[in-house]
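This report concerns only the one structure given below.
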Amino acid sequence: MPDWSYHPLKKILLDKISPKTSREFIHQSMNTIASIPGGRSLIGFLGHMKPPRELHKEINHTRFSSPIGLSGQIDPNLSGINAFQELGFGFVEIGPIVINEPRDQEEPRRKNQHILFSKHQEKIPLKLAIKKLTNHNMRIPIFAKIDAQATRNEWNLIVHHLTPFVDGFIGTSEQINLYINKSEISFERPFYASFSADEINKKELEISELVQQPVIGGILVNAPSHAEDNYWHEVDNANELISKAIKQIKDINPELIVITSGGVETPKEACSLVHAGADLIMLTDGYVRAGPGLPKRIHERLLFEEVRPIKYQRWHWSFMFGLSILIGGIIALYFAFTSIILPYDESFIGLTKGEILQVNPLILSFMSHDRMALAGTMISGGILYMQLALHGIKNGLHWSKIAFHTAAITGFLGIFLFIGFGYFDWLHGLFWLILLPIFYFSFKEGKKAVGAPYSSHEKNDRTWQLGLYGQLMFIILGFSILIGGFVISTIGVSKVFVSTDLSFICMTPQMLESISNNLIPVIAHDRAGFGSALISVGLPVLMVSLWGFRKGERWIWNTLCIGALPAFIAGIGTHIYIGYTTFIHLLPVYFLVTLYLLGLVLSYPFLKKN
């Protein structure tokens with residue numbers, strides 16, 4: 001559930017039901033998807049949230065793919081444990097862990113912009129935690145938070161049974177002093193002493209003594225809270241107080257590992273904690289307000305702040321590939337406006353253009369409309385490929401390489417649709433052969449495009465929120481073009497015509513076959529080719545929309561704006577040109593144009609204004 005789907009759903013549904021119900025709905029849904037075959041790949045495709053390798057780090061002999069983790073407050077029942085590593089988190093906290101099923105638990109409440117957590121917060125029994133951890137397939141570290149009221153025996157049982165499953169334990173300083181110092185058990189995992197940010201001043205001496213113990217891996221700094229009856233929420237200036245507490249701890253021991261919990265709702269707030277000296281950051285209710293894309297946005301902001309030399313990758317063959325398709329589209333458009341059918345078409349059909357005109361001039365008009373639509377789609381595809389090469393592959397962006405090559409390979413496979421009716425267009429085959437070596441060199445040069453994107457965006461402002469809705473419009477547009485391409489390709493290799501086509505031509509398929517047995521295969525070839533072109537254009541539109549939206553990325557807006565125009569102009573213009581203006585036939589195009597215009601308007605402030 002990326003931000004572009006989370007926020008509309010949150011506004012429509014999730015904010016209108018209880019926090020616990022909405023939480024379980026989201027987490028269980030994601031967990032189910034992550035648990036089915038291909039589910040993790042689907043989450044990765046929709047969000048592209050994998051942490052960049054530049055942010056990998058090792059702490060206390062544990063490898064973290066990202067410094068951003070998730071607090072146990074957000075998923076106390078471990079309902080979404082399988083999905084979180086796919087959302088860009090580098091680690092997860094579980095707990096508080098208790099021995100027996102707790103009583104008198106109270107679920108969170110919502111008040112204004114705050115989530116209120118009960119003082120009788122939800123806790124997870126040890127047996128359930130072990131069951132969940134046994135069945136999960138986690139590839140990221142896990143920290144277990146032990147309940148603050150656990151007795152010595154309970155503490156020892158929890159530590160003993162969870163040690164094989166977790167990479168560290170979190171407990172209060174009182175527990176660590178009482179249960180670790182005087183314990184005869186050897187501990188295999190590091191312990192992190194938990195403090196509130198507003199009590200660091202008073203406990204500097206205690207921290208100094210604690211960190212002398214070999215078993216102590218570091219300090220956890222929690223956001224200060226504000227109590228309301230039996231509930232509490234983070235104070236509004238939590239980020240500032242946590243930053244101050246981190247600096248005080250680093251003054252005690254600059255090498256001490258510091259983990260924070262809370263105080264982060266925006267990439268800017270996460271960066272301020274990193275600048276203060278935080279090694280790991282756990283997200284709490286700010287993650288709920290900001291959305292599942294927050295870890296990814298933090299990663300991009302952290303990368304933006306790194307000083308790096310500009311290293312352009314080779315991109316010319318990829319650009320040439322797109323340019324070739326654009327030129328091919330222009331040539332196809334010329335033929336569609338002039339001769340419509342070529343000599344080898346006439347030879348296969350067994351009739352000349354003039355003879356077909358004498359039988360029914362609407363046949364050629366119909367063939368012209370498919371060929372014009374194909375030409376416009378090819379021109380759009382060429383623009384998309386050229387933009388991906390010039391702004392994506394050139395800058396070493398891994399996602400742009402994936403978008404480019406996936407769409408190109410799909411386009412190549414479309415040539416095999418001729419099998420449906422057996423008409424092979426030799427000019428199409430020649431164009432395929434010309435493109436193949438160009439694509440080979442494009443694919444070869446694209447292998448070095450492995451970089452992760454970065455972004456200067458800091459806030460969860462209105463511009464960003466509008467951008468999410470604009471992104472959603474373009475994602476629906478990309479999916480719709482894909483579906484349309486599959487439908488048209490299927491029609492092209494099966495029944496060829498829809499009812500409005502036959503009404504326009506004023507002939508039945510049997511009547512067309514009586515003119516020539518090879519007439520329908522030629523029409524089918526055009527239709528299947530148009531469907532294939534739509535698929536190879538819909539894919540980059542979709543992937544650019546899914547993976548390319550970042551603050552100030554002007555080229556993304558330009559690509560979607562300019563890239564779609566030839567296809568829309570050809571798609572609507574050709575129908576007007578030949579008089580095929582049946583409303584129900586053009587309704588899908590009108591729907592796509594509406595999505596396109598809404599997407600441009602909503603995303604303009606986010607993408608075009610830096």
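Any value given below was found using the heavy atoms of this structure, including those in side chains, with hydrogens, waters and symmetry copies removed. Positions are given from 1 along the sequence.
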| Salt bridge between E300 and R550, side-chain N to carboxylate O under 4.0 Å? | yes
Determine all donor-acceptor pairs shorter than 3.5 Å in which one atom belongs to a side chain in residues 315-336; sequence neighbours excluded.
| from | atom 1 | to | atom 2 | distance (Å) |
| --- | --- | --- | --- | --- |
| S318 | OG | S442 | OG | 2.8 |
| S318 | OG | E445 | OE2 | 2.9 |
| S324 | OG | M320 | O | 2.8 |

| message | How close do A34 and I43 get, counting heavy atoms only, and between which atoms? | response | CB-CD1, 4.0 Å
| request: Take T500 and Y580, measure what side chain to side chain donor-acceptor pair (under 3.5 Å) needs, and give me the verdict at the end. | output: CA-CA 9 Å; T500 53; Y580 187 4; 2.9 Å; yes
| query | Shortest non-hydrogen contact from K447 to V450? | reply | O-CG1, 3.6 Å
| K50 NZ: over 12 foreign heavy atoms closer than 6.0 Å | no
| request: Begin from the C-alpha positions of H405 and F439 and carry the test ring pair (Phe, Tyr, Trp, His ring centres under 6.0 Å) through to its verdict. | output: CA-CA 9 Å; H405 292 157; F439 176 72; 5.6 Å; yes
| note | Closest non-hydrogen contact found for L303 with P453 is CD1-O, 3.6 Å
| message | With a 6.0 Å cut-off on the ring centroids, do Y287 and F89 count as close? | response | yes
| field | Parallel, tilted or perpendicular: ring planes of F348 versus Y423, cut at 30 and 60 degrees | value | tilted
| task | Kindly say whether F337 contributes a backbone atom to a donor-acceptor pair with the side chain of R371 at under 3.5 angstrom? | result | no
| message | Please find the pair of heavy atoms, one from L592 and one from S480, that lie closest to each other, and give the distance. | response | CD2-CB, 3.4 Å
| task | Tell me, with the steps shown, if R110 and D285 meet salt bridge (charged side-chain N to carboxylate O under 4.0 Å, His left out). | result | CA-CA 11 Å; R110 188 182 291 109; D285 58 329; over 6 Å; no
| task | Report, as yes or no, whether the 6.0 Å neighbourhood of atom CD1 on I584 holds more than 12 heavy atoms from other residues, nucleotides or ligands. | result | no
| request: Locate the shortest heavy-atom distance separating S532 from G414; write the atom from each residue and the value. | output: OG-CA, 3.1 Å
| request: Assess whether side chain to side chain donor-acceptor pair (under 3.5 Å) is satisfied between S79 and E24, documenting all intermediate values. | output: CA-CA 7 Å; S79 305; E24 294 303 309; 2.5 Å; yes
| said: Testing the 3.5 Å rule here: is there a donor-acceptor pair between the side chains of H299 and S66? | reply: yes
| Given side chains that start at C-beta, do those of D526 and M367 come closer than 4.5 Å, heavy atoms only? | yes
| task | Compare all side-chain heavy atoms of P566 with those of I383 and state whether any distance is below 4.5 angstrom. | result | yes
| Is the centre of the H585 ring less than 6.0 Å from the centre of the F504 ring? | no
| request: Go through the steps for S35 and N82 under the test side chain to side chain donor-acceptor pair (under 3.5 Å), then give the verdict. | output: CA-CA 7 Å; S35 301; N82 283 330; 3.2 Å; yes
| Would you say the ring centroid of F84 lies under 6.0 angstrom from that of H27? | yes
| field | W547-H48 aromatic ring centre distance below 6.0 Å | value | yes
| Are the charged groups of D3 and K10 less than 4.0 angstrom apart, N to O? | no
